[in-house]
Amino acid sequence: NTNIVINIATARFTKFTSCVFYNNTKPSAGGSEDFSIGTTAAGQTANTVISNCIFYGIKYGLIVGGTATGDTSSITNSAFIASSAEVMALSNITASIYNCSFYSCVTGLRVRSGSVVNAYNCLLNQCTTAFSNAGTLTENYNRFIGNTSNVSNTGTYTAGANSTAVGITGVEAGYSLLHNLTNAVMFGSVSGSQNTSFGTASGAPAADLFGVTWTGTSPDAGAITYRNIGAGQYFPTERNASTITIAPGSTSQSIELYL
C-alpha cells in the first residue's frame, strides 16, 4: 500500500539486526515512507541502531531524532538495493555509517540539516546521488562507482582523502554460479576485488553482513566480503572406465579422453 509500513515514531534505542526488508507490492509512486524510526520529542536522542540488514526496493527510509547532541545512532553492514527514491534520510541525529552497500538508488544517503554523520567504508554504485548533505557530513574510505553525482552538498562536508571514484564495482553478479565456478555471495566482493581491504579498521565491524571475517588485512568497502560458499561441479560427458591398447608397430596414436 502507500502508507508507512513501519512507523516507530515515539521510541528511542530502537534496534534492527539481521532483518530483510523486501518491497513486494508498494509501487514506486507510493507517497509515504516505507519506514520511519525515532522520536521527534524535543531534546531526546534517537539512538537508533541498524546492523546486518538487507533493504530491497525500499523507498523513503527515515531515522529522526529530537536532537543530534549526544545521539549514538548507527547503520553498519547493511545493503540497500534498487530504491526508486532516497533509501535513508537522517534527520536531527548523530550517526555513524560503516560498511554499507548502496546499489541503484536515486539517493543513497540524505543528511538533513541538523544531523551530524560520519560515513566510512561504503560502496555506492549506480546511484543518481550517492550522498546528499544539508547537515554535517564527514566521509572517508568510500568507493563511489558509476554514480551520476557522488555528493550533493549544501551543508558542511569533509571529503575523504582515501575515498575514490576510480575502478569498477567489483562485486559478484551471478557469474560464478552461472558457470559452475567457485560460488561467491551475490553482491559480495569478488576474488581480487578493489573493495578488498579498501576500508579502515578504526571503528568498523570485525565481520561482514553475514558474520564472516573480512578476507583482507582490513575491512572491505561495502557490506559483504569475498567468500566461496561451495565449489562448483564439472559433470563430464562420460564416466566409463576404459582400457586403452596401443596396436603393435604403431608409431603414433590419438586418444580422446574426458577427465
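Keep in mind that this is a model prediction, so the values were computed, not measured.
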Problem - Identified ring-ring contact (aromatic ring centres under 6.0 Å, His included) partner of Phe55 from the options Phe16, Phe35, Tyr60, Tyr22 - result: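 That would be Phe35; it is the only one of Phe16, Phe35, Tyr60, Tyr22 passing the ring-ring contact (aromatic ring centres under 6.0 Å, His included) with Phe55.
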I need the minimum non-hydrogen distance between [X] and [Y], along with the two atoms involved.
{"X": "Pro219", "Y": "Pro205", "value": "CG-O, 4.3 Å"}
{"X": "Asp34", "Y": "Gly57", "value": "OD2-O, 4.2 Å"}
{"X": "Thr48", "Y": "Gly38", "value": "OG1-CA, 4.4 Å"}

When you measure from the side chain of [X] to the backbone N and O of [Y], does any donor-acceptor pair fall under 3.5 Å?
{"X": "Thr225", "Y": "Trp214", "result": "no"}
{"X": "Asn47", "Y": "Phe13", "result": "no"}
{"X": "Arg143", "Y": "Gly199", "result": "no"}
{"X": "Asn133", "Y": "Thr156", "result": "yes"}
{"X": "Asn77", "Y": "Ala207", "result": "yes"}
{"X": "Ser193", "Y": "Gly170", "result": "yes"}
{"X": "Asp220", "Y": "Gly222", "result": "no"}
{"X": "Asn153", "Y": "Gly155", "result": "yes"}
{"X": "Asn142", "Y": "Ala119", "result": "yes"}
{"X": "Ser115", "Y": "Gly135", "result": "no"}

Exercise for the section: List the steps, then state whether side chain to side chain contact (heavy atoms under 4.5 Å, CB included) holds for Thr10 with Gln44. Expected result: CA-CA 10 Å; Thr10 57; Gln44 291 192 354; over 6 Å; no
Exercise for the section: Please determine, by modelled atom types, if Thr169 and Asn125 share a side-chain donor-acceptor pair under 3.5 angstrom. Expected result: yes
Handout entry: Donor on one side chain, acceptor on other, Ser51 and Thr17, under 3.5 Å
Key = yes
Answer whether the closest heavy-atom distance between the side chains of [X] and [Y] falls below 4.5 Å.
{"X": "Ile54", "Y": "Leu209", "result": "yes"}
{"X": "Asn52", "Y": "Ser78", "result": "no"}
{"X": "Ile37", "Y": "Leu62", "result": "no"}
{"X": "Leu124", "Y": "Asn147", "result": "yes"}

Are [X] and [Y] grouped together when hydrophobic residues (ILVMFWY) are joined by side-chain heavy atoms under 4.5 angstrom apart?
{"X": "Met88", "Y": "Val64", "result": "no"}
{"X": "Ile50", "Y": "Val111", "result": "yes"}
{"X": "Tyr103", "Y": "Phe210", "result": "yes"}
{"X": "Ile75", "Y": "Leu137", "result": "yes"}
{"X": "Ile63", "Y": "Ile8", "result": "yes"}

Practice task
Give the intermediate values and the outcome of side chain to side chain donor-acceptor pair (under 3.5 Å) for residues Thr129 and Ser152.
Solution key: CA-CA 7 Å; Thr129 303; Ser152 173; 5.8 Å; no
Exercise for the section: Starting from the C-alpha separation in whole Å, work towards a yes-or-no answer on side chain to side chain contact (heavy atoms under 4.5 Å, CB included) for Thr45 and Thr67. Expected result: CA-CA 5 Å; Thr45 54; Thr67 180; 3.8 Å; yes
Problem - Arg110: partners by salt bridge (charged side-chain N to carboxylate O under 4.0 Å, His left out), with sequence neighbours left out - result: Glu86
Problem - Partner set under salt bridge (charged side-chain N to carboxylate O under 4.0 Å, His left out) for Glu172, not counting sequence neighbours - result: none
Rounded to the nearest 0.5 Å, how far apart are [atom1] of [X] and [atom2] of [Y]?
{"X": "Asn162", "Y": "Asn121", "atom1": "CG", "atom2": "CG", "value": "10.0 Å"}
{"X": "Ser189", "Y": "Leu123", "atom1": "OG", "atom2": "CG", "value": "7.5 Å"}
{"X": "Thr148", "Y": "Gln126", "atom1": "OG1", "atom2": "CD", "value": "7.5 Å"}

Practice task
Verify the neighbour count for atom OH of Tyr157: are there more than 12 heavy atoms of other residues, nucleotides or ligands below 6.0 Å?
Solution key: yes
Practice task
Only pairs at least two apart or in different chains count here, so list each salt bridge (charged side-chain N to carboxylate O under 4.0 Å, His left out) that has a residue in residues 146-162.
Solution key: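 Qualifying pairs: none.
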Handout entry: Asn118 vs Ser96, side chain to side chain donor-acceptor pair (under 3.5 Å): CA-CA, chis, key distance, verdict
Key = CA-CA 5 Å; Asn118 298 307; Ser96 298; 4.7 Å; no
Handout entry: Worked check of side chain to side chain contact (heavy atoms under 4.5 Å, CB included) between Tyr226 and Asn195
Key = CA-CA 9 Å; Tyr226 170 74; Asn195 299 318; over 6 Å; no
Practice task
Could you label the plane-to-plane angle of the Phe102 and Phe80 rings as parallel, tilted or perpendicular, counting under 30° as parallel and over 60° as perpendicular?
Solution key: parallel
Exercise for the section: Show your reasoning for whether side chain to side chain contact (heavy atoms under 4.5 Å, CB included) applies to Ile97 and Cys122. Expected result: CA-CA 8 Å; Ile97 315 296; Cys122 293; 4.0 Å; yes
